Amino acid sequence: MSDTAYSYKLYNRSDFNAFWALFTDNLVNLLILSGVCQFVFQMPAEIVFGRIVPGAAVAILAGVVVYTLMAKWVANKQGKDVTALPYGISTPVMFVYLFGVIGPIFWATGDSLLAWQVGIGAGFMGGIVAAFGAIVGPFLKRITPRAGMLGTLCGIALVFIGSVPLATVFEHPLIGFTSLLFILWGLIGRFRLPGNLPAGLVAIAVGTVIAIFLGQSSFNTDGIGFYAPIPYFGDMLIGIQYLFANPELFLVLIPVQIYNFIETMNNVESAEAAGDSYPVAVCQVTDGAGTMIGALFGSPFPTTVYIGHPAYKRMDARAGYIIGVAMVIAAAAFLGFLSFLAGLIPIAAAAPVLVFVAVSLITNTGYAVKPAHMAAVSFAILPHISNFLITKWGSLMNALRNTGVEGLPGLGDGDLTAALLMEGAHYEGHLALSQGAIITGLVWGAIAADVIDGRFKQAGGFAIAAAVMSSVGIIHSYTLQMPQLDGITIGYLIIGAFMLIYPMIAPKEDLEHRIIVPDEPDLLDDDSPALDVR
């Protein structure tokens, strides 16, 4: 660190390019949640665009203020330019709140107002749980191998942030391919565009122009107006009271908020791998506080440090890009432009930007972990594929019902499960892996990385921790439960016991010399002995 005072510039020319990537991510989330609330849960526009969207904007503004100041503090401390952490509504948790909290209330009561009230009550209580992650976050970050933390993010990036938007591109190829072309050229190939225009802006603009000519874009100004953000303390209290009267809803909230603070921890680790070190505990408190502020102002949806910091780091962004996103999102929310943008910008034009974020994160992970740990990264990805399959199988069943097919069994029906197994679709196994996939991926990535490094005690510790989480339903279960000794829990105990006991009785030479595996590249640096037996 330099002895002289360091001056951190909040804005850089590259922030303009990074702005479009992060803006697209936030915009897509807002478009999805507003569409589901309005058309699936029958919430009136007054609640969706007058309360939820402005509340989400307030939460984003509050968090961006903190993360901008944090970037300035870290830059001054390290004596070099840093990229501020991206921030917004947590995409996976948003879906859990939509279909695990708000949806069940609406379907049970038919009351969209109550569903919103319970949503913001759940958001506030969930923010408290997320903030408490700061107590254990630094410890978890210290003991968890980077391959486990980044690997489980790669799983999310691969299946949800990368493959789903790419499918949208192929559904609308004239729009999507043209936008993807500029992402390939300017962000992946990193070649200049005429006038040094930002590739993200060009991609969205060109895709939107094509959509207008194809009649797939519209100009709808009906929702434009002023929507002042105001606190809804009374409504939030009604929602919290409903939660305590129906405590089974906490069985959804607690696991998903554990997921949320681990997601923050993983994303902070991703930033550190890219060269920017942020205090994980402060970030977890900020995300929890942002979620609570958003809930007070009408948004049920948790906020978090976003996946994808390495992509913005590669663009040489500073803090200007998150400031710009917060200001534009706030203006669009408070002035009612979100509904206008929803009609104007086709998803296929914005999707390639998300594909780039996913590809960049996976690529950066390959550089951030040692080659031998790529096996651990691969382990951490696998549960997310199961999560993707379960999600899409559920979507398929819902689609069949919506088209009028009657007498369909539900997913999990014994006969259907047996029939799926006959077709090679292992529903029960994928279901178990999908529940708490981010934690499961982290655990298996950590176990694999620790075994590779010969840290058997730490590998055993992660297996025992997984057994505890499995027994109470944090992973591999829909809901929390009283501790039980099922097959998966016993399996974790077997692995943990082996890792802790066998190295103490194994022949010394078996732990000091690695073996050659046929047809596999030898990625180990040397023939060094296991660390736990030195």
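None of these values were measured; they are calculated from a predicted model.
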Legend entry - Spatial distance of atom CZ (F41) from atom CD1 (I47) [nearest 0.5 Å]: 13.0 Å

Legend entry - Separation between CG of L296 and CD1 of I293, rounded to the nearest 0.5 Å: 8.5 Å

Legend entry - Validation row: W20, V202 side chains within 4.5 angstrom (heavy atoms): no

Inset, instruction - Could you tell me whether a side-chain N or O of T291 sits under 3.5 Å from a main-chain N or O of P302, the two making a donor and an acceptor? - result: no

Inset, instruction - Report, as yes or no, whether the 6.0 Å neighbourhood of atom CD on Q484 holds more than 12 heavy atoms from other residues, nucleotides or ligands. - result: yes

Inset, instruction - Before giving the answer on side chain to side chain contact (heavy atoms under 4.5 Å, CB included), spell out for V118 and V101 the whole-Å C-alpha distance, their side-chain angles and the decisive distance to 0.1 Å. - result: CA-CA 8 Å; V118 175; V101 178; 4.1 Å; yes

Inset, instruction - Only counting residues at least two apart or in another chain, list the ones meeting ring-ring contact (aromatic ring centres under 6.0 Å, His included) with F124. - result: none

Legend entry - Greater than 12 external heavy atoms within 6.0 Å of F49's CZ: yes

Inset, instruction - Any pair with a residue in residues 29-44 that passes salt bridge (charged side-chain N to carboxylate O under 4.0 Å, His left out), sequence neighbours left out, goes on the list, sorted by first then second residue, please. - result: none

Show me, pair by pair, the donor-acceptor contacts under 3.5 angstrom made by side chains of residues 155-176, not counting sequence neighbours?
{"from": "S163", "atom 1": "OG", "to": "L158", "atom 2": "O", "distance (Å)": "3.4"}
{"from": "S163", "atom 1": "OG", "to": "V159", "atom 2": "O", "distance (Å)": "2.4"}
{"from": "T168", "atom 1": "OG1", "to": "V164", "atom 2": "O", "distance (Å)": "3.3"}

Legend entry - Stepwise ring-ring contact (aromatic ring centres under 6.0 Å, His included) check, Y87 with Y306: CA-CA 5 Å; Y87 174 77; Y306 262 10; 7.6 Å; no

Legend entry - Any F244 side-chain heavy atom under 4.5 Å of M125 side chain: yes

Inset, instruction - Please identify each residue that fulfils side chain to side chain contact (heavy atoms under 4.5 Å, CB included) with T440, with sequence neighbours left out. - result: P383, L433, W444, I475, H476, Y492

Inset, instruction - Search all heavy atoms of I105 against all heavy atoms of T109 and return the closest pair with its distance. - result: O-OG1, 2.7 Å

Inset, instruction - Please confirm whether the backbone N or O of A295 pairs with a side-chain atom of Y232, one donor and one acceptor, at under 3.5 Å? - result: no

Legend entry - I60 to G88 - nearest heavy-atom pair and separation: CG1-CA, 4.4 Å

Inset, instruction - Applying side chain to side chain contact (heavy atoms under 4.5 Å, CB included), run through M469 and V443 and close with a yes or a no. - result: CA-CA 11 Å; M469 289 188 288; V443 166; 4.0 Å; yes

Inset, instruction - Flag the pair L22 / I322 as yes when at least one side-chain heavy-atom distance between them is below 4.5 Å, and no otherwise. - result: yes

Legend entry - Enclosure of W393 CH2 (heavy-atom neighbours >12, cutoff 6.0 Å): yes

Inset, instruction - First locate atom CG of L341, then atom CG of L30, and finally report the distance between them rounded to the nearest 0.5 Å. - result: 10.0 Å

Legend entry - Trace of the side chain to side chain contact (heavy atoms under 4.5 Å, CB included) decision for T144 with F462: CA-CA 9 Å; T144 306; F462 274 105; 3.6 Å; yes

Legend entry - Test ring-ring contact (aromatic ring centres under 6.0 Å, His included) applied to Y227 - qualifying residues, sequence neighbours left out: none

Inset, instruction - Using the test side-chain hydrogen bond (donor to acceptor under 3.5 Å, both in side chains), find all partners of T286 that sit at least two apart in sequence or belong to another chain. - result: none

Legend entry - Distance, nearest 0.5 Å, that separates CD1 of I488 from OG of S477: 9.5 Å

Inset, instruction - Kindly assign one of parallel, tilted or perpendicular to the pair F340 and F337, based on the angle between their ring planes and the thresholds 30° and 60°. - result: perpendicular

Inset, instruction - Taking N26 for its side chain and V325 for its backbone only, find out whether a donor-acceptor pair lies under 3.5 Å. - result: no

Inset, instruction - Determine, step by step, whether F19 and V328 satisfy the side chain to side chain contact (heavy atoms under 4.5 Å, CB included) criterion, reporting the C-alpha distance in whole Å, the side-chain angles of both residues, the deciding distance to 0.1 Å, and the verdict. - result: CA-CA 10 Å; F19 162 85; V328 172; 3.8 Å; yes

Inset, instruction - Identify the two heavy atoms, one from A380 and one from G148, that lie closest to each other, and give their separation to 0.1 Å. - result: CB-O, 4.2 Å

Inset, instruction - Can you see which heavy atom on A199 is nearest to which on G186, and at what distance? - result: CB-CA, 3.8 Å

Legend entry - Residue pairs fulfilling salt bridge (charged side-chain N to carboxylate O under 4.0 Å, His left out) with at least one residue in residues 234-245, sequence neighbours excluded: none

Inset, instruction - Using a cut-off of 6.0 Å, state whether more than 12 heavy atoms not belonging to M397 lie near its atom CE. - result: yes

Legend entry - Qualifying residues under side-chain hydrogen bond (donor to acceptor under 3.5 Å, both in side chains), relative to S386, sequence neighbours excluded: H430

Inset, instruction - Establish, from distance only, whether the side-chain atoms of D287 and T303 form a donor-acceptor pair under 3.5 Å. - result: no

Contacts table for residues 404-427: side-chain donor-acceptor under 3.5 angstrom, sequence neighbours left out:
{"from": "D413", "atom 1": "OD2", "to": "D415", "atom 2": "N", "distance (Å)": "3.1"}
{"from": "D413", "atom 1": "OD2", "to": "L416", "atom 2": "N", "distance (Å)": "3.1"}
{"from": "T417", "atom 1": "OG1", "to": "D413", "atom 2": "O", "distance (Å)": "2.9"}

Inset, instruction - Enter the distance from H309:NE2 to S270:OG here, rounded to the nearest 0.5 Å. - result: 7.5 Å

Inset, instruction - Considering non-hydrogen atoms only, spot the tightest contact between F379 and A448 and give its length. - result: CD1-CB, 3.9 Å

Legend entry - Side chain proximity check, P346 to T208, heavy atoms < 4.5 angstrom: yes

Legend entry - Flag, side chain of N267 to backbone of V305, donor-acceptor distance under 3.5 Å: yes

Legend entry - Pairwise salt bridge (charged side-chain N to carboxylate O under 4.0 Å, His left out) hits with a residue in residues 40-57, at least two apart: E46-R51

Legend entry - Q284 side chain to A130 backbone, donor-acceptor under 3.5 Å: no

Inset, instruction - Sort and list the pairs that fulfil side chain to side chain donor-acceptor pair (under 3.5 Å) and have at least one residue in residues 32-43, not counting sequence neighbours. - result: none

Inset, instruction - Taking T489 for its side chain and L485 for its backbone only, find out whether a donor-acceptor pair lies under 3.5 Å. - result: no

Legend entry - Donor-acceptor contact present, side-chain W116 to main-chain G298, <3.5 Å: yes

Inset, instruction - For G200 and I183, work out which heavy atoms get closest and say how close. - result: CA-CD1, 4.3 Å

Inset, instruction - To the nearest 0.5 Å, tell me how far I204 CD1 sits from F182 CZ. - result: 12.5 Å

Inset, instruction - Taking side-chain hydrogen bond (donor to acceptor under 3.5 Å, both in side chains) as the test, write out the residues that go with T152, two or more places apart. - result: H384

Inset, instruction - Using modelled atom types only, decide if a donor and an acceptor are shared between the side chain of S470 and the backbone of A467 within a distance under 3.5 Å. - result: no

Inset, instruction - Answer whether the closest heavy-atom distance between the side chains of P300 and I52 falls below 4.5 Å. - result: yes

Legend entry - F177 atom CZ, neighbour heavy-atom count above 12 within 6.0 Å: yes

